[in-house]
Amino acid sequence: MWILVMFDLPVDTKKARKDYADFRKNLVQDGFTMLQYSVYARHCASEENAHVHCKRVCSFLPPEGEVRIIHVTEKQFEKMQIFFGKRRKPTPPPPAQLELF
């Protein structure tokens, strides 16, 4: 399961820029990686784990702006099409699962 966080935050004042930077920093500290500007993704091992990270994102939402969170299954994430100009690039594989045995 993947969580995608998409946001559009104001950066017109010094406080707004600080809120933006803090929000982005908290996302990175929680294990999210940038797919593109204002779109971050995180792989979760289960739906319960995804809800934990979703709650965590909600705990550090900035006071202004718009944030959208969406849960996507592995199959849906694999079907994402990525283009650089007119060239297509394959979707990166999910991170390896931790194996104990």
TODO: Return the minimal non-hydrogen interatomic distance between Ile3 and Cys54, and the atom names on each side.
DONE: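 Looking at all heavy atoms of both residues, the closest pair is CD1-N, 4.2 Å.
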
TODO: For residues Phe60 and Phe23, report the shortest heavy-atom separation together with the two atoms involved.
DONE: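 In this case the closest contact between Phe60 and Phe23 is O-CD1, 3.4 Å.
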
- [ ] Carefully, step by step, assess Cys58 and Ile69 under the rule side-chain contact (heavy atoms from CB on, under 4.5 Å).
- [x] CA-CA 9 Å; Cys58 291; Ile69 303 171; 4.3 Å; yes

Open item on the list: Can you pull out every salt bridge (Lys or Arg N to Asp or Glu O under 4.0 Å) where at least one residue sits in residues 56-69? Sequence neighbours excluded, please.
Closed with: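 Qualifying pairs: Asp30-Arg56, Glu66-Arg68.
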
Open item on the list: Applying salt bridge (Lys or Arg N to Asp or Glu O under 4.0 Å) as the test, list every pair that has at least one member in residues 31-42; sequence neighbours left out.
Closed with: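 As it turns out, there is no salt bridge (Lys or Arg N to Asp or Glu O under 4.0 Å) pair with a partner in residues 31-42 once direct neighbours are skipped.
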
Would a hydrophobic clustering, with Ile, Leu, Val, Met, Phe, Trp and Tyr connected at side-chain separations under 4.5 Å, put [X] with [Y]?
X: Ile82; Y: Val72; answer: yes
X: Val28; Y: Val57; answer: yes
X: Trp2; Y: Met6; answer: yes
X: Val39; Y: Leu27; answer: no
X: Tyr20; Y: Val67; answer: yes

Task: Heavy-atom side-chain proximity of Tyr40 to Arg24 below 4.5 angstrom - done: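 In contact.
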
Open item on the list: With a sphere of 6.0 Å drawn around CZ of Phe83, does it hold more than 12 non-hydrogen atoms of other residues, nucleotides or ligands?
Closed with: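 It does: Phe83 CZ has more than 12 such atoms within range.
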
Open item on the list: In terms of relative ring orientation, are His51 and His71 parallel, tilted or perpendicular, with 30° and 60° separating the classes?
Closed with: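 Plane angle between 30° and 60°, so tilted.
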
TODO: Please identify each residue that fulfils side chain to side chain contact (heavy atoms under 4.5 Å, CB included) with Thr33, with sequence neighbours left out.
DONE: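 Applying side chain to side chain contact (heavy atoms under 4.5 Å, CB included) to Thr33 gives none.
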
TODO: Tell me, please, which residues at least two apart from Lys75 pass side chain to side chain contact (heavy atoms under 4.5 Å, CB included).
DONE: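 So Lys75 forms a side chain to side chain contact (heavy atoms under 4.5 Å, CB included) with Thr73, Glu78.
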
Task: Residues clustered with Met1, ILVMFWY side-chain links under 4.5 angstrom - done: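 Via sub-4.5 Å side-chain contacts, Met1 links to none.
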
Which atom pairs, donor and acceptor, lie under 3.5 Å between side-chain atoms of residues 7-15 and protein residues at least two apart or in another chain?
residue, atom, partner, partner atom, Å
Thr13, OG1, Ala16, N, 3.1
Lys15, NZ, Asp19, OD2, 2.9

